[in-house]
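Quick note on labels: first sequence line is chain A, next is B, and so on, each numbered from 1.
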Amino acid sequence: MKSKFMPSAVLLSYFVVIASLIISRGIAIKLFLLAIILILSLKIVGKGILKSIRSVSLFAIIIFLMNAFLYSSTNPMFTFGIFNLTEEGIKQGFHVSYVIVSISLLTALILSYLEDKEVADGFVSLLYPLKYLRLPIGEIAMIFTLVFRFITIIKKESEEIINADKIRSAGGARAKGFFLSILIPIFVSSFRRADNLSLAMEARGYKTTVVKRASLRKSDYKIIALSFAVLAVTLSWRFVNGT
Amino acid sequence: MKDISLSVKRGEFHVILGANGSGKSTLLKLLSKLLVPDGGTVETKGSVGIAFQNPDDQFVYSRLIDDVSFGPINNGLNPSEISIQVKEALSITSLLDKENRNVDTLSGGEKERAALAGVLALDPDVLILDEVLSMQDEKSKREYINLLLKLKERGKTIVLVTHDSSEAAYADYVHILKEGCLIYSGKRREALSDIKRLKSANIAPPKTVLYAQALTNRGVSFAFIPTTVEEFEEALCK
Amino acid sequence: MQIDLKDLCFGYKDEFCLKDISLQISQGESIAIMGLNGSGKTTLLNLLAGLIKPSSGEVLSDGMSIHKDKKAIREYWAKIGYLLQLSERMVFSSTVKKEIEYSLKARNFKKDIRQDLISKAINLAGVDSKHMERHPMTLSGGELRKVEIASVLSYNPELILFDEPLAGLDLDSRMNFYRLLDEIKGKCSVVMVTHDASSALRMNRLIVLENGRIKYDGDSSVILNNDIYCEIGIEINELISINAILKARGIDYEDSLREVLNEI
């Protein structure tokens with residue numbers, strides 16, 4: 001799927017929207033932002049995207065509960081041992097879990113929309129000024145790109161390793177899927193792959209990542225402007241409600 | 001590795017045959033200038049492209065067209081040149097219709113061709129290939145070899161390093177490696193028809209050759225020992 | 001152990017990977033599974049290994065479904081061995097000896113018997129006894145493969161599954177593998193996915209898969225009969241083309257062909 005927008009513009013908008021999510025106060029604006037993100041996600045990616053935030057949502061619920069019951073405050077609504085249910089805790093918990101879920105959803109959306117090369121190029125273009133500080137942004141972006149590749153490969157490999165071991169250990173499994181026990185074989189094979197890959201990259205002329213500045217078009221400025229507008233609305237909502 | 005001397009001329013298809021441990025990987029690295037020899041020299045005229053055995057270890061980007069453009073981009077070509085080279089590389093490897101696909105969704109044979117496309121995008125004069133056929137099934141192997149022959153017609157020089165003698169069936173010249181030494185260097189037919197020599201180097205002779213030998217033992221006469229199906233037809237005496 | 005596959009299907013929604021697979025494997029049978037890439041060979045092997053569950057149909061071992069409960073599948077796994085392609089990196093133990101011993105420990109073999117079984121296994125597999133105390137990762141690919149084989153052989157499984165065992169092997173290793181096959185053939189059932197006619201001929205029975213269905217299930221000697229072999233629909237390879245040429249010239253080739261396929 002080729003993006004109609006320049007990756008750097010998309011990424012910039014992404015960060016601005018994240019900022020909006022973080023500074024949002026009040027249920028109305030939060031739901032408004034989440035609604036936008038959901039609509040975009042379902043339209044661009046489809047229902048499948050909700051699956052990818054399942055585990056994060058679980059995590060977010062735990063965070064909510066922790067905040068709700070363990071937030072220290074002077075005026076608890078309900079107490080049971082060390083657990084205090086407080087209004088501030090609920091508010092804080094809701095905010096944090098909201099931020100976690102919405103950022104995850106937005107990130108899943110961006111990663112589905114952009115190809116890995118576009119993410120890397122976009123980052124590099126955005127951070128272009130940093131190049132003058134001698135920071136290796138090109139190399140860092142390349143590392144992120146290769147992480148995308150390796151995640152797919154490592155996932156497949158771990159499945160194979162676990163399967164092979166299921167039979168050898170007659171179901172007792174040294175590699176029950178526990179992170180640590182398959183770590184060594186994965187580690188070794190990742191090293192080998194990285195070695196092979198760097199050789200192949202070198203053979204194709206890679207010396208250092210090319211860093212170019214992005215040229216933005218009208219449509220790109222539009223979405224950047226849109227995201228800043230969202231930020232402005234969020235900020236003003238906050239002022240209006242005195243928070 | 002000792003006393004290796006070989007020369008490959010432009011437009012020729014050479015195969016270096018060697019079992020595991022014969023030194024073929026070392027020789028390949030020396031040929032592609034990834035390793036420096038302790039003695040002697042390696043001279044290459046023209047640009048060299050290398051493709052390795054495992055395509056998964058060669059892809060940089062997930063989308064095929066992005067990955068193929070990695071080479072040209074890193075060599076400072078301008079966008080229109082990049083586009084031309086990429087399209088050309090995808091076209092010759094018959095992957096144009098898959099240019100927007102994720103490389104992980106390609107079949108084994110398609111992946112090997114995709115890895116080669118990434119190398120071809122730089123339009124190298126010489127192609128050095130390391131065991132690129134060993135993970136493919138019969139059908140993909142044939143398609144890949146046809147691709148190599150097509151590239152040879154376009155003037156590319158090809159060096160394929162492998163342990164499988166049947167992959168040398170369409171080569172011009174074959175070099176046999178045994179324990180770091182070249183025990184034979186010459187035309188394909190002579191190289192592949194000496195069954196004893198191949199076996200001594202721990203290489204399984206091509207089935208075509210063994211077949212011709214078995215038939216000869218049973219009274220069928222051949223004008224010469226064939227290494228391909230076409231040669232078989234030709235070699236059978238009337 | 002008798003294995004029954006009854007009306008197996010495996011796949012998602014409209015895309016079935018395997019359909020209507022029914023077959024029986026009796027103790028001691030040796031079976032080659034051939035077919036184009038994508039015909040479902042590896043899926044069938046994984047179903048036989050109990051690593052995946054069929055979408056419909058059953059996998060029975062001595063009449064009982066292997067997926068009945070956790071106990072059933074564990075008992076099944078205890079009796080089988082699976083040698084994957086390119087499985088060299090998948091080792092966990094710190095020494096070769098421990099790696100081989102692990103499968104025995106997992107099957108509750110007593111300590112005094114284990115040493116004996118290990119010695120027999122490393123002999124059969126050709127593992128160099130000098131490697132026993134070394135870390136598996138320090139061995140070459142070929143050596144590690146032998147260790148894998150020894151691990152599988154040590155507990156005398158009733159069924160061994162091979163996935164393209166000859167891929168990438170040089171002449172000596174091929175010959176060693178054939179020797180190994182000869183040794184184990186009577187003792188356990190063997191199912192081997194391959195696209196090599198020589199190895200298929202060494203199995204008694206041949207199953208050919210096409211688009212997820214069984215196209216042929218019968219004697220492997222059919223490989224020597226060019227007409228039938230062509231009909232079965234396996235990819236036309238050079239031998240088939242050559243056989244056609246020989247037949248056209250009225251040359252009798254079956255003996256020569258058998259000799260070639262038996263040689264390597």
Should we say atom [atom1] of [X] is surrounded by more than 12 heavy atoms from elsewhere, each under 6.0 Å from it?
{"X": "B:Asn78", "atom1": "CG", "value": "yes"}
{"X": "A:Phe148", "atom1": "CZ", "value": "yes"}
{"X": "B:Lys187", "atom1": "NZ", "value": "no"}
{"X": "A:Lys222", "atom1": "NZ", "value": "no"}
{"X": "B:Lys29", "atom1": "NZ", "value": "no"}

Which atoms of B:Phe59 come close to chain A, meaning under 4.5 Å heavy atom to heavy atom: side chain ones, backbone ones, both, or neither?
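Both parts, heavy atoms under 4.5 Å.
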Over all atoms of both residues, closest heavy-atom pair of [X] and [Y]:
{"X": "A:Asp116", "Y": "B:Arg63", "answer": "OD1-N, 4.4 Å"}
{"X": "B:Tyr61", "Y": "A:Met142", "answer": "OH-CE, 4.0 Å"}
{"X": "A:Asn196", "Y": "B:Asp57", "answer": "ND2-OD2, 3.0 Å"}
{"X": "A:Arg204", "Y": "B:Phe70", "answer": "NH2-CB, 3.7 Å"}

Identify, with sequence neighbours excluded, every residue that meets salt bridge (charged side-chain N to carboxylate O under 4.0 Å, His left out) alongside B:Lys24.
B:Glu131
How many angstroms lie between atom [atom1] of [X] and atom [atom2] of [Y], to the nearest 0.5 angstrom?
{"X": "A:Lys156", "Y": "B:Asp56", "atom1": "NZ", "atom2": "CG", "value": "5.0 Å"}
{"X": "B:Asp66", "Y": "A:Thr145", "atom1": "CG", "atom2": "OG1", "value": "10.0 Å"}
{"X": "A:Asp121", "Y": "B:Ile73", "atom1": "CG", "atom2": "CD1", "value": "7.0 Å"}
{"X": "B:Asn75", "Y": "A:Tyr206", "atom1": "CG", "atom2": "OH", "value": "13.0 Å"}
{"X": "B:Ile65", "Y": "A:Glu115", "atom1": "CD1", "atom2": "CD", "value": "10.5 Å"}

Min side-chain heavy-atom separation B:Asn74-A:Met201 under 4.5 Å
no
Mind ranking B:Gly49, B:Gly118, B:Ser32 by heavy-atom pairs under 4.5 Å with chain A and telling me who comes out on top?
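Max contact count across the listed options: B:Gly118.
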Heavy atom to heavy atom, less than 4.5 Å: which residues from residues 163-184 of chain B reach chain A?
none
Any salt bridge between B:Asp67 and A:Lys117, counting N to O under 4.0 Å?
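Judged by the 4.0 Å cut-off on N to carboxylate O distance, B:Asp67 and A:Lys117 do not form a salt bridge.
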